[in-house]
A.B. asks: 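Next up is a structure, given as C-alpha cells.
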There are 2 protein chains.
Amino acid sequence: MNTSKKMETLKSYIESKGLKSTAQRDYIADTFFKSNTHISLEELLKKVKRKTPNIGYATVYRTMKLLTEGGLAISRQFGDGQTRYENLPEYGHHDHIICVKCSKIAEFQNQKIEELQSETAKKLGFTVINHKLELYGYCSGCA
Amino acid sequence: MNTSKKMETLKSYIESKGLKSTAQRDYIADTFFKSNTHISLEELLKKVKRKTPNIGYATVYRTMKLLTEGGLAISRQFGDGQTRYENLPEYGHHDHIICVKCSKIAEFQNQKIEELQSETAKKLGFTVINHKLELYGYCSGCA
DNA sequence: TGTTATTATGATAATAACTTTCATTTTCAA
DNA sequence: TTGAAAATGAAAGTTATTATCATAATAACA
Ligand SMILES: [Mn+2]
Ligand SMILES: [Mn+2]
Ligand SMILES: [Zn+2]
Ligand SMILES: [Zn+2]
C-alpha cells in the first residue's frame, strides 16, 4: 500500500471514529508512512519538527497510537526500552534480528517457524493470537 | 541445581568479585531460588518482607541484578512492563507462551525452531547469541 | 580482639518513557 | 456564521527502574 492510499485509509478511519482531521496529524502520518525504519517517537518528532517546529511530542504520540489502533502502524518493543513503530509490511508478517553492537535490524519471514509455533501452542492447549520472535547477535559487519 | 548448590555458587561469585556477604542478600537469594515462578521484584520483595520486614526494595533489586550477572537468574520481559526473574531451567533453554487473559505462562522447548532460527540468521549474515520467542494467546481455560 | 577500609543497606531522589490533564485553538455540521 | 466537539501543546502525572547518600555491617589485618 502506498502513502497516498494509506492517507485515504487513515481518513476513512478518522471519519468512522467521528474524529476531526488536522494538519498536524496528516503531516505526522505522512512523515511516518514515508519512513522505512523502525522509528521511535523521538526520531519521528525530530523529523516532523524540521518542517513544523511547533508540533508537540504529545501529538506525535497520539497520532502513532491512532495509527496503531487503526492498523496502519505496528508498534515494536526491542530491547532498548523505547517503543518503535514500523509501517505495514508489504508481504505479510515478519520477525526481526537485531545486531547487539550496531543496532542494525534485519527482517525475515519463516513459514516453518510459524507453523511450529502453532503446533507447539496447540500441544499446550493454547491458541496463539500473536507472537514475538527476536534474534539478537552480530551482523556481518560487527561479527 | 538445588538451592544449596546455588547458594554455594553465589558465595563463590561474591568472593570472586571481592564483595561481602550479608544476611539480606542471602535471604533474598534463597527466597528467589525457592520460588518457581516468573517473579517480579515487587512480588519477591513481598515474600522477603514476610520474614524480614525491614528489607528494602533497592536491596532486592541489587540482589537480583547480581544473580543475573552471576548467571544464577534469568531476567525476562513479557508484555506487562515489569521485569520478571526466573531460576535457571533444569533442562536447558526454554521459551514461553502467555495467556493474554489470565496471564498464565507455559514453557516449551522446540529444538527444530531453534535450528531454524540459526539457519535464518546465518542466511542474513548474522550470528545469534540469544533470542526471544514469546507466543501470546488463550490458554485452555480462557479460550 | 579492636581498628578501619571497603562494601552493603534502606530511604529517598532521580531518570526516562509513556500517558494524562487542561487551557486554548481548531474543525465542521447545522 | 456559530457553537459543540475534538485536537493541540505545554506541563504535570505515572510507573518501573536506577542512582545517591548517610549510616550500618563486614572482614582483612594489626
Ligand atoms: Mn520490521
Ligand atoms: Mn520460564
Ligand atoms: Zn552490527
Ligand atoms: Zn488463560
Side-chain angles (χ1 to χ4, degrees), chain A residues 10-32 38-70 73-85 103, chain B residues 10-32 38-70 73-85 103:
Chain A
L10 175 57
K11 199 174 172 184
S12 307
Y13 183 70
I14 283 172
E15 275 178 19
S16 78
K17 291 280 175 180
L19 307 180
K20 293 173 178 174
S21 87
T22 68
Q24 290 96 325
R25 193 149 58 192
D26 283 354
Y27 186 61
I28 293 165
D30 187 73
T31 303
F32 168 70
H38 302 84
I39 198 169
S40 69
L41 286 183
E42 286 295 351
E43 289 162 353
L44 184 54
L45 176 63
K46 203 173 160 188
K47 273 200 181 194
V48 158
K49 281 205 170 202
R50 290 209 270 265
K51 285 227 176 175
T52 1
N54 57 332
I55 234 163
Y57 176 95
T59 302
V60 176
Y61 162 76
R62 286 184 287 232
T63 299
M64 290 316 298
K65 191 177 178 186
L66 186 72
L67 294 188
T68 304
E69 286 164 2
I74 300 173
S75 82
R76 302 278 189 188
Q77 285 83 38
F78 301 130
D80 68 345
Q82 270 193 304
T83 298
R84 292 175 177 280
Y85 297 87
S103 297
Chain B
L10 175 57
K11 199 175 172 183
S12 308
Y13 183 70
I14 283 173
E15 274 177 20
S16 77
K17 290 279 175 182
L19 307 180
K20 294 173 179 175
S21 86
T22 68
Q24 290 95 327
R25 194 148 57 190
D26 284 354
Y27 186 60
I28 293 165
D30 187 72
T31 304
F32 169 70
H38 302 82
I39 198 169
S40 69
L41 286 183
E42 286 293 353
E43 289 162 353
L44 184 53
L45 177 65
K46 203 173 162 188
K47 274 200 180 192
V48 159
K49 282 207 171 203
R50 290 208 270 266
K51 286 226 174 174
T52 1
N54 56 332
I55 235 163
Y57 175 95
T59 302
V60 176
Y61 163 75
R62 287 183 288 232
T63 299
M64 290 316 299
K65 191 179 178 185
L66 187 72
L67 294 188
T68 304
E69 285 164 3
I74 299 173
S75 82
R76 302 279 190 189
Q77 285 84 39
F78 301 131
D80 67 346
Q82 270 194 304
T83 298
R84 292 173 178 280
Y85 297 87
S103 298

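Lettering follows sequence order; numbering is per chain, from 1.
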A.B. asks: Given atom OH of A:Y13 and atom C1' of D:dA7, what is their separation to the nearest angstrom?
C.D. replies: 16 Å

A.B. asks: Heavy atoms within less than 4.0 Å of DNA chain D: which residues of residues 19-29 of chain B have one? Give them sorted by number.
C.D. replies: B:K20, B:S21

A.B. asks: Less than 4.0 angstrom between a side-chain N/O of B:Y61 and OP1 or OP2 of D:dT18, yes or no?
C.D. replies: yes

A.B. asks: Considering only heavy atoms from C-beta outward, does the side chain of B:L66 approach that of B:K17 to under 4.5 Å?
C.D. replies: no

A.B. asks: What pairs of residues pass the side chain to side chain donor-acceptor pair (under 3.5 Å) test when at least one of them lies in residues 49-67 of chain B, not counting sequence neighbours?
C.D. replies: none

A.B. asks: Give the minimum heavy-atom separation between B:T83 and B:S75, together with the two atoms involved.
C.D. replies: CG2-CB, 4.0 Å

A.B. asks: Does a side-chain heavy-atom distance below 4.5 Å link A:E15 with A:Y13?
C.D. replies: no

A.B. asks: What's the shortest heavy-atom distance between A:T68 and A:M64, and which atoms?
C.D. replies: OG1-O, 2.7 Å

A.B. asks: Using atom CD of B:E42 as one end and atom P of D:dT18 as the other, report the distance to the nearest whole Å.
C.D. replies: 14 Å

A.B. asks: Side chains of A:L44 and A:Y85, heavy atoms from C-beta outward: is any pair under 4.5 Å?
C.D. replies: no

A.B. asks: Between A:I55 (CD1) and D:dG9 (P), how many Å, whole number?
C.D. replies: 5 Å

A.B. asks: With nearest nucleotide decided by heavy atoms, which residue, B:K65 or A:I14, maps closer to the 5′ end of DNA chain D?
C.D. replies: A:I14

A.B. asks: Tell me, please, which residues at least two apart from A:Q82 pass side chain to side chain contact (heavy atoms under 4.5 Å, CB included).
C.D. replies: A:S40, A:E42, A:D80, A:R84

A.B. asks: Grab the two heavy atoms, one from B:I14 and one from B:S21, that are nearest each other, plus how far apart they are.
C.D. replies: CG2-N, 4.4 Å

A.B. asks: Taking for each residue the nucleotide of DNA chain C with the nearest heavy atom, is it B:G18 or B:T59 whose nucleotide lies nearer the 5' end?
C.D. replies: B:G18

A.B. asks: What pairs with B:D30 under salt bridge (Lys or Arg N to Asp or Glu O under 4.0 Å), at least two apart in sequence or on another chain?
C.D. replies: B:K34

A.B. asks: What closest approach, in Å, do B:A29 and B:L10 show between heavy atoms, and which atom pair accounts for it?
C.D. replies: CB-CD2, 3.5 Å

A.B. asks: Between P on D:dG13 and OH on A:Y57, what's the gap in Å once rounded to a whole number?
C.D. replies: 18 Å

A.B. asks: Would you say the side chain of B:V48 lies within less than 4.5 Å of the side chain of B:Q24, judging by non-hydrogen atoms?
C.D. replies: no

A.B. asks: Without decimals, in angstroms, what is the distance between A:K17 NZ and D:dA5 P?
C.D. replies: 19 Å

A.B. asks: Please work out which residues in residues 43-53 of chain B have a non-hydrogen atom less than 4.0 Å from an atom of DNA chain C and list them by number.
C.D. replies: none

A.B. asks: Taking any atom under 4.0 angstrom from a heavy atom of chain A, which nucleotides of DNA chain C are the first and last to qualify, 5' to 3'?
C.D. replies: C:dA17 to C:dC28

